[in-house]
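Naming convention: chains lettered A, B, ... in sequence-line order (proteins, then strands); numbering from 1 in each chain.
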Protein chains: 2
Amino acid sequence: MVDIKNTKVTIYDVASEADVSLATVSRVLNYPEKVKPATRERVLEAIRKLGYRPNAIARGLASRKSTTVALIVPDVSRASVAEMINGVVDIARKYDYTVILKVTNSEPDVEEDIWQEVFAAQVDGIIYLNDELQEHNIKQIKSSDVPVVLCNVGVDDPTIACVSIDFEKAFYEATQSLINKGLKDILLVSTRSAYYVNSFKERGYINAMKEANLEPNIVRTSGRLVVNYPFFIDYLKNHKPEAALVVRDSIAVSMINAASEVGIKIPDELEIISFQNTKYAKMSRPTLSSIDNPIYDIGAVSMRLLTKLMNNEPIENLNVVLPHNIIWRNSTKN
Amino acid sequence: MVDIKNTKVTIYDVASEADVSLATVSRVLNYPEKVKPATRERVLEAIRKLGYRPNAIARGLASRKSTTVALIVPDVSRASVAEMINGVVDIARKYDYTVILKVTNSEPDVEEDIWQEVFAAQVDGIIYLNDELQEHNIKQIKSSDVPVVLCNVGVDDPTIACVSIDFEKAFYEATQSLINKGLKDILLVSTRSAYYVNSFKERGYINAMKEANLEPNIVRTSGRLVVNYPFFIDYLKNHKPEAALVVRDSIAVSMINAASEVGIKIPDELEIISFQNTKYAKMSRPTLSSIDNPIYDIGAVSMRLLTKLMNNEPIENLNVVLPHNIIWRNSTKN
DNA sequence: GAATAGTGTGAAAAAGTTTTCAATTGTAAA
DNA sequence: TTTACAATTGAAAACTTTTTCACACTATTC
């Protein structure tokens, strides 16, 4: 039976048990083909017998790689972030990387510290998620001497690894689909705070509207329920758009609830298309048509890309764009 | 200016820059009071000048502690898990611990591997979240030679550190509050799969019902929307309970939606109290009365407790029970 | 039978810290 | 002055691996 208890058995113990040098033990662990099968078996047996598990820290020090990646996110409680983390973690496990979780809470000082910490921790790579990306963040990424993959954000720079959908195209298409129904008074509901990705969404919307000779109309509210719900109540009392695109499911649900409160029928009097396709979209009444952002896949692909970068594998294109599609539900007509 | 680039400057470089031995540099980092202020300043200045950051791995090897804790969870995308993680991470940061995230996906083999991995990683402590706790998991916890805090589950064992609310009491009280309104036909909606904590919730409900000489009535469904929604539609066509307690917000939302579909008025014909008080409770229509499980705090307190255990601080009681309360909204009458 | 080319293995160095122990210096009391 | 003791410092060991280098074999070729 293996010794379940985590007693400190080292490579020396294994070596003397198997009557070989510690170098040989190390080799059976790392380059098994380099040691004679008979010896290898003896060592493996000793490892089993003693329940030896190599000390990952000593290993990291000696090999100068930690097989650890840092996952830097603004906040884990957002549904989309959490799902992305699942994707990252699943692939990391597959490739035997340990993941360190760092949460910035969107505070710049904390973020600054975190970058220092992950370097001190000798991580081999970084997965970076930041809704509110700014110029200095880009600089930070570029100056890292360990590979970084930017997640769920597309940047127009071929030297930066990033994976996301094409936000602009997604909103362009969604807007078009409403225009094609003959709707004209189409609103875009965005956020007040400067989410980097929302600017892409806005651009797609504006382009589609302008192409159809329609006047773009953007309102901005908060992501917080306590502020956006009253906002919508007030807004919908005074405005009657035919349709709305909304940058986030949770905000769209507030809008639906407000419309119902004000007596506006959805989808008959107001059609809504939202973005992200979280569980909220299925749980709201009416259910919410939403652009599906494959966030689990984005996490998974980001991590896979990072493994390639860490192993210096050749990569055709650092800017990965994943496909999106719209899930039609009951907040839009047929 | 500090050298932002993460070039490899070691303790030796600092030592020679400040013209002291590396032991002294190490001391100013770890026991600053032990070195003469003048020397300390010189060393600090050298550290600043060179942009030195101690290598966390070497540090871990030499000190035999990693200042790293493992956070083992079944799945991060559940709203309650994600919020708990926020609590853990915030406190971990405060006490300068790095957190390694491990996701079991509720697969026993994966979980087995993960325990081995975290021991190999030399973590100083473990935060463990498991909805489906079983006997062998308890064994695993007890045999760990590194402290473990069990999170969001109460166990009846004074040797195991755990933090949660009193589920049984919470459901007992919630049931009583419905009984006190004169309601008699009170349903408990639980899950089919054997979530360990749900057995406590059921016990609280059953006790309150029996004390009032009412017949307990438990139905079990799935956590998955695609199965529980049709289930409720069917159930509510054939049964008209006066009230229901539901073990999870998302399930309660399904029930509300099904009730509306079937034409049952909430709260007039059916009162619902749910559990967890996630964002769902505020977003559903009608809004959902829910037992508030302070899950962020549970994460935070767990991590704080773990720091005490890791430092061998004396602890009065390993079983921490946090207070809960019911948030009344519109799925119940006044 | 000698030269050649692998294989397989061990000794020792290296990774970058912390920690122990001993040596030195400084300071206050005798 | 000593003496005694605390404060400060440095040398060296320790932590547990990986990796380099050299050596001893074995097998192959001429």
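Rounded to an integer number of Å, the gap from I57(B) CD1 to dT18(D) C1' is 13 Å. In this entry the distance linking CD1 of I11(B) with C1' of dA11(D) reads 14 Å, nearest Å. Atom OH in Y12(B) sits roughly 14 Å away from atom P in dG10(D) (whole-Å rounding). Computed from coordinates, the K65(A) NZ to dT18(D) C1' distance equals 10 Å when rounded to whole Å. For the pair Q122(A) CD and dT16(D) C1', the interatomic distance rounds to 16 Å; values are reported in whole Å. Counting to the nearest Å, the P atom of dT19(D) and the CG atom of N30(A) are 6 Å from each other. For K34(B) and dG10(D), the NZ to C1' distance is 15 Å, given to the nearest whole Å. Straight-line distance from the CG atom of N55(A) to the C1' atom of dT18(D): 13 Å, rounded to whole Å.
For the pair S63(A) and V35(A), nearest-nucleotide mapping onto DNA chain C gives the more 5' position to V35(A). When each of A62(B) and R40(B) is assigned the nucleotide of DNA chain D with its nearest heavy atom, R40(B) is the one assigned upstream, toward the 5' end. Mapped onto DNA chain D by nearest heavy atom, R64(A) and P37(B) fall at different nucleotides, with P37(B) at the one closer to the 5' end.
D157(A) and K142(A) are joined by a salt bridge, as a carboxylate oxygen and a charged side-chain nitrogen come within less than 4.0 angstrom of each other.
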N105(B) vs D75(B), side-chain hydrogen bond (donor to acceptor under 3.5 Å, both in side chains): CA-CA, chis, key distance, verdict
CA-CA 5 Å; N105(B) 288 318; D75(B) 170 11; over 6 Å; no
List the steps and the verdict of side-chain hydrogen bond (donor to acceptor under 3.5 Å, both in side chains) for Y296(B) and D90(B).
CA-CA 10 Å; Y296(B) 175 94; D90(B) 283 355; 2.5 Å; yes
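Taking 4.0 Å as the cutoff to heavy atoms of chain A, we find the contact window on DNA chain C bounded by dG8(C) to dG16(C).
Side chains of T307(A) and R304(A): a donor on one and an acceptor on the other come within 3.5 Å. Counted by atom type alone, E111(B) and Y128(B) present one or more donor-acceptor pairs between their side chains at under 3.5 Å. With no hydrogens or angles considered, no side-chain donor-acceptor pair links N130(A) and N152(A) at under 3.5 Å.
Taking both residues in full, the closest heavy atoms of A82(B) and V76(B) are given as CB-O, 3.6 Å, listed atom of the first, atom of the second, then distance.
A heavy-atom distance below 4.0 Å to DNA chain D is reached by these residues of residues 16-27 of chain A, ordered by number: L22(A), A23(A), S26(A), R27(A).
The shortest distance between side-chain heavy atoms of L44(A) and V28(A) falls below 4.5 Å. A heavy-atom distance below 4.5 Å is found between the side chains of I126(A) and W115(A).
The phosphate of dT16(D) has neither OP1 nor OP2 within less than 4.0 Å of any side-chain N or O from R59(A).
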